[in-house]
Amino acid sequence: MTRITADQARDKAKAKDPSATVDAILAMVDAAAGDGKYEIQVRQFGFGDGCYYSTEDKWPEFGKAIIKQLTALGYQCRIRCYEGQFVDMWLEISWKGAQP
């Protein structure tokens, strides 16, 4: 059996923890807001994966938990895609507020 370090074990556990992923996404939001932006596109954490190319009830539970936490904080979240020669998918996170 291969031995793993405590740091490796923590990293492995964090990869399955929606709260840790939300914290990482919020750091991206903070950086973008600091640049004067009102939305980001997230392809990391599985959101660029084709598994979101279906109805919401078939999305991975991990992704749904992340979106739930972000919307509870007031963010608008949408899975977006561009269908060209290949399908490009991402999670769009916006903090623009109400649109007229």
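Numbering starts at 1 and runs along the sequence shown. Quick caveat, the model's predicted, so the values are computed rather than measured. Heavy atoms only: backbone and side chains are in, while hydrogens, waters and symmetry mates are out.
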Asker: According to side chain to side chain contact (heavy atoms under 4.5 Å, CB included), who are the partners of Asp17, at least two apart in sequence or on a separate chain?
Answerer: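 Once residues adjacent in sequence are excluded, the partners of Asp17 under the side chain to side chain contact (heavy atoms under 4.5 Å, CB included) criterion are Ser19, Ala20.
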
Asker: What pairs meet the ring-ring contact (aromatic ring centres under 6.0 Å, His included) rule with one or both residues in residues 70-90, with sequence neighbours excluded?
Answerer: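 Pairs touching residues 70-90 that pass the test: none.
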
Asker: Examine distances only and state if a side-chain atom of Asp49 and a backbone atom of Cys51 form a donor-acceptor pair shorter than 3.5 Å.
Answerer: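 Yes, Asp49 side chain to Cys51 backbone: donor-acceptor pair under 3.5 Å.
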
Asker: Excluding sequence neighbours, so at least two apart, what forms side chain to side chain contact (heavy atoms under 4.5 Å, CB included) with Lys16?
Answerer: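 Lys16 satisfies side chain to side chain contact (heavy atoms under 4.5 Å, CB included) with no residue once adjacent residues are dropped.
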
Asker: Return the set of residues passing salt bridge (Lys or Arg N to Asp or Glu O under 4.0 Å) with Lys68 (not counting sequence neighbours), or none when no residue passes.
Answerer: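 Not a single residue meets the salt bridge (Lys or Arg N to Asp or Glu O under 4.0 Å) criterion with Lys68.
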
Asker: Would you please name every residue forming a side-chain hydrogen bond (donor to acceptor under 3.5 Å, both in side chains) with Asp23, sequence neighbours left out?
Answerer: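 For Asp23, no residue satisfies side-chain hydrogen bond (donor to acceptor under 3.5 Å, both in side chains) once neighbours in sequence are set aside.
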
Asker: I'd like to know if the side chain of Trp95 reaches the main chain of Ala33, judged simply by a donor and an acceptor atom lying under 3.5 Å from each other, with no hydrogens or angles considered.
Answerer: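 Between the backbone of Ala33 and the side chain of Trp95 there is no qualifying donor-acceptor contact (under 3.5 Å).
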
Asker: Side chains of residues 38-45: which donor-acceptor pairs under 3.5 Å do they make with residues two or more places apart or in other chains?
Answerer:
from: Glu39; atom 1: OE1; to: Lys96; atom 2: NZ; distance (Å): 3.1
from: Gln41; atom 1: OE1; to: Arg43; atom 2: NH1; distance (Å): 3.3
from: Gln41; atom 1: OE1; to: Arg43; atom 2: NH2; distance (Å): 3.4
from: Arg43; atom 1: NE; to: Asp88; atom 2: OD1; distance (Å): 3.1
from: Arg43; atom 1: NH2; to: Asp88; atom 2: OD2; distance (Å): 3.0

Asker: Residues two or more places apart in sequence or in another chain: which of them pass side chain to side chain contact (heavy atoms under 4.5 Å, CB included) with Phe62?
Answerer: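 Once residues adjacent in sequence are excluded, the partners of Phe62 under the side chain to side chain contact (heavy atoms under 4.5 Å, CB included) criterion are Pro18, Thr21, Ile66.
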
Asker: According to side chain to side chain contact (heavy atoms under 4.5 Å, CB included), who are the partners of Asp7, at least two apart in sequence or on a separate chain?
Answerer: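 Here the qualifying residues are Thr5, Arg10.
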
Asker: Output all residues satisfying ring pair (Phe, Tyr, Trp, His ring centres under 6.0 Å) with Tyr52, sequence neighbours left out; order by chain, then residue number.
Answerer: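 For Tyr52, the residues satisfying ring pair (Phe, Tyr, Trp, His ring centres under 6.0 Å) (neighbours in sequence not counted) are Phe47, Trp59.
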
Asker: Mind checking what makes side-chain hydrogen bond (donor to acceptor under 3.5 Å, both in side chains) contact with Asp57, not counting sequence neighbours?
Answerer: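 Result, side-chain hydrogen bond (donor to acceptor under 3.5 Å, both in side chains) vs Asp57: Thr55.
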
Asker: Tell me, do Met89 and Ile79 make a side-chain contact under 4.5 Å, heavy atoms counted?
Answerer: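 The answer is yes, as the side chains (C-beta and beyond) meet within the 4.5 Å cut-off.
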
Asker: side-chain hydrogen bond (donor to acceptor under 3.5 Å, both in side chains) with Glu61: which residues, sequence neighbours excluded?
Answerer: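 For Glu61, the residues satisfying side-chain hydrogen bond (donor to acceptor under 3.5 Å, both in side chains) (neighbours in sequence not counted) are Lys64.
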
Asker: What residues form a side-chain hydrogen bond (donor to acceptor under 3.5 Å, both in side chains) with Glu83, not counting sequence neighbours?
Answerer: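 By the side-chain hydrogen bond (donor to acceptor under 3.5 Å, both in side chains) rule, Glu83 matches Tyr53.
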
Asker: Would you call Leu70 and Val29 a side-chain contact if the rule is heavy atoms closer than 4.5 Å?
Answerer: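 The answer is no, as the side chains (C-beta and beyond) never meet within the 4.5 Å cut-off.
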
Asker: Report the distance from atom CD1 of Ile67 to atom CD1 of Ile25, rounding to the nearest 0.5 Å.
Answerer: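 Going from the CD1 atom of Ile67 to the CD1 atom of Ile25 covers 8.5 Å.
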
